[in-house]
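Heads up: the structure comes next, in structure tokens.
Hydrogens, waters and symmetry mates are skipped; everything else that's a heavy atom, side chains included, is used.
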Amino acid sequence: QVQLVESGGGLVQPGGSLRLSCVGSGIIFGYYDMNWYRQAPGKQRELVATISSGGSTNSTDSVKGRFTISRDNAKNTVYLQMNSLRPEDTAVYYCNVNYNGRIFWGKGTLVTVSS
């Protein structure tokens, strides 16, 4: 069974930084593209960043230059380094993977950006 567990969220002031982690199990991690999504209160879930199995990355325009996605396949972990955080980044952050046609999600980690 594929499981994803996010961690690293919390309360941070505007301009601050956090690093989120997502640890996967039940999967040969390095074979799959990994994604970070977020869902702000009252809004739809949106794709934040993607990292391919080969290490190519992409991110949504609103976080370009501030957020960095990376992965450590030996640790079955994908990271989201978030810098220069803004109040509008407040959301629950989720990682997901498309594993042989099935989408698996973690339970999310809450990031709150507030002074």
Side-chain angles (χ1 to χ4, degrees):
Q1 179 72 10
V2 176
Q3 289 190 323
L4 301 172
V5 179
E6 303 95 338
S7 63
L11 174 64
V12 62
Q13 292 187 341
S17 298
L18 284 173
R19 188 176 80 156
L20 307 184
S21 300
C22 170
V23 179
S25 60
I27 184 174
I28 302 176
F29 198 78
Y31 287 359
Y32 299 94
D33 300 350
M34 298 296 298
N35 308 300
W36 281 101
Y37 281 75
R38 67 184 178 186
Q39 188 165 19
K43 295 189 176 181
Q44 290 190 333
R45 197 170 294 190
E46 66 168 344
L47 179 62
V48 176
T50 296
I51 186 164
S52 73
S53 58
S56 299
T57 64
N58 201 359
S59 59
T60 192
D61 286 346
S62 63
V63 307
K64 283 187 190 297
R66 300 189 298 123
F67 291 10
T68 303
I69 188 171
S70 62
R71 67 192 298 159
D72 184 339
N73 293 333
K75 295 183 178 179
N76 273 14
T77 302
V78 60
Y79 303 100
L80 187 68
Q81 177 66 44
M82 306 187 296
N83 299 328
S84 302
L85 282 160
R86 304 168 180 169
E88 55 263 38
D89 296 317
T90 295
V92 179
Y93 285 72
Y94 302 88
C95 63
N96 92 350
V97 63
N98 182 332
Y99 176 67
N100 296 337
R102 289 184 61 188
I103 306 296
F104 289 88
W105 294 89
K107 293 184 177 180
T109 185
L110 175 63
V111 172
T112 303
V113 185
S114 175
S115 55

>> Taking ring pair (Phe, Tyr, Trp, His ring centres under 6.0 Å) as the cut-off, I'd like each qualifying pair that reaches into residues 75-101, sequence neighbours left out, listed once.
In response: Tyr32-Tyr99
> What are the two closest non-hydrogen atoms of Gly30 and Arg71, and how far apart are they?
Replying inline: CA-NH2, 3.8 Å
> Tell me, which pairs form a disulfide (SG to SG under 2.5 Å) where one or both residues lie in residues 43-94, sequence neighbours left out?
Replying inline: none
> Who pairs with Tyr37 by ring pair (Phe, Tyr, Trp, His ring centres under 6.0 Å), at least two apart in sequence or on another chain?
Replying inline: Trp105
>> Take a 6.0 Å sphere around CD of Glu88 and say whether it holds more than 12 heavy atoms from other residues, nucleotides or ligands.
In response: yes
> Nearest heavy-atom pair of Asn96 and Leu4: which atoms, and what distance?
Replying inline: CA-CD1, 3.7 Å
>> Can you list everything that forms a side-chain contact (heavy atoms from CB on, under 4.5 Å) with Ser25? Sequence neighbours excluded, please.
In response: Gln3
> With Arg66, which residues qualify under side chain to side chain donor-acceptor pair (under 3.5 Å), at least two apart?
Replying inline: Asp89
>> Through direct or indirect side-chain contacts below 4.5 angstrom among Ile, Leu, Val, Met, Phe, Trp and Tyr, which residues connect to Val5?
In response: none
>> By the disulfide (SG to SG under 2.5 Å) test, which pairs, at least two apart or in different chains, include something from residues 40-74?
In response: none
>> Starting from Phe104, can I reach Phe29 by hopping between I/L/V/M/F/W/Y residues whose side chains sit under 4.5 Å apart?
In response: yes
>> So, applying side chain to side chain contact (heavy atoms under 4.5 Å, CB included) with Leu18, which one of Val111, Thr109, Leu11 is it?
In response: Val111
> Do the side chains of Leu85 and Leu110 join up, straight or via other hydrophobic residues, at under 4.5 Å, putting them in one cluster?
Replying inline: no
> So which heavy atom on Gln39 is nearest to which on Lys43, and how close?
Replying inline: NE2-O, 3.1 Å
> What residues form a side-chain contact (heavy atoms from CB on, under 4.5 Å) with Asn98, not counting sequence neighbours?
Replying inline: Ile103
> Mind checking what makes side chain to side chain donor-acceptor pair (under 3.5 Å) contact with Ser17, not counting sequence neighbours?
Replying inline: Asn83
> Okay, side chain of Ser52, backbone of Ser56: is any donor-acceptor separation there less than 3.5 Å?
Replying inline: yes
> Going by an N to O cut-off under 4.0 Å, is there a salt bridge joining Glu6 and Lys107?
Replying inline: no
>> Suppose we screen for side-chain contact (heavy atoms from CB on, under 4.5 Å). Which residues come up paired with Ser7, at least two apart in sequence or across chains?
In response: Ser21
> If only atom types and distance count, is the side chain of Thr90 paired as donor or acceptor with the main-chain N or O of Val113 below 3.5 Å?
Replying inline: yes
> Mind checking whether Val63 and Arg38 have side chains closer than 4.5 Å, heavy atoms only?
Replying inline: yes
> So how far is it from Thr57 OG1 to Ile51 CD1, rounded to the nearest 0.5 Å?
Replying inline: 6.5 Å
> What is the distance from atom CE of Met34 to atom OG1 of Thr77, rounded to the nearest 0.5 Å?
Replying inline: 9.0 Å
> Looking at Ile27 and Val2, what are the two nearest heavy atoms and their distance?
Replying inline: CB-CG2, 4.3 Å
>> I'd like to check the side chain to side chain donor-acceptor pair (under 3.5 Å) partners of Lys64; sequence neighbours left out, ordered by chain and number.
In response: Asn58
>> Is there a path of hydrophobic side-chain contacts, each under 4.5 Å between heavy atoms of I/L/V/M/F/W/Y residues, joining Leu80 to Leu47?
In response: no
> Can you list every pair that meets disulfide (SG to SG under 2.5 Å) and has a residue in residues 81-115, with sequence neighbours left out?
Replying inline: Cys22-Cys95
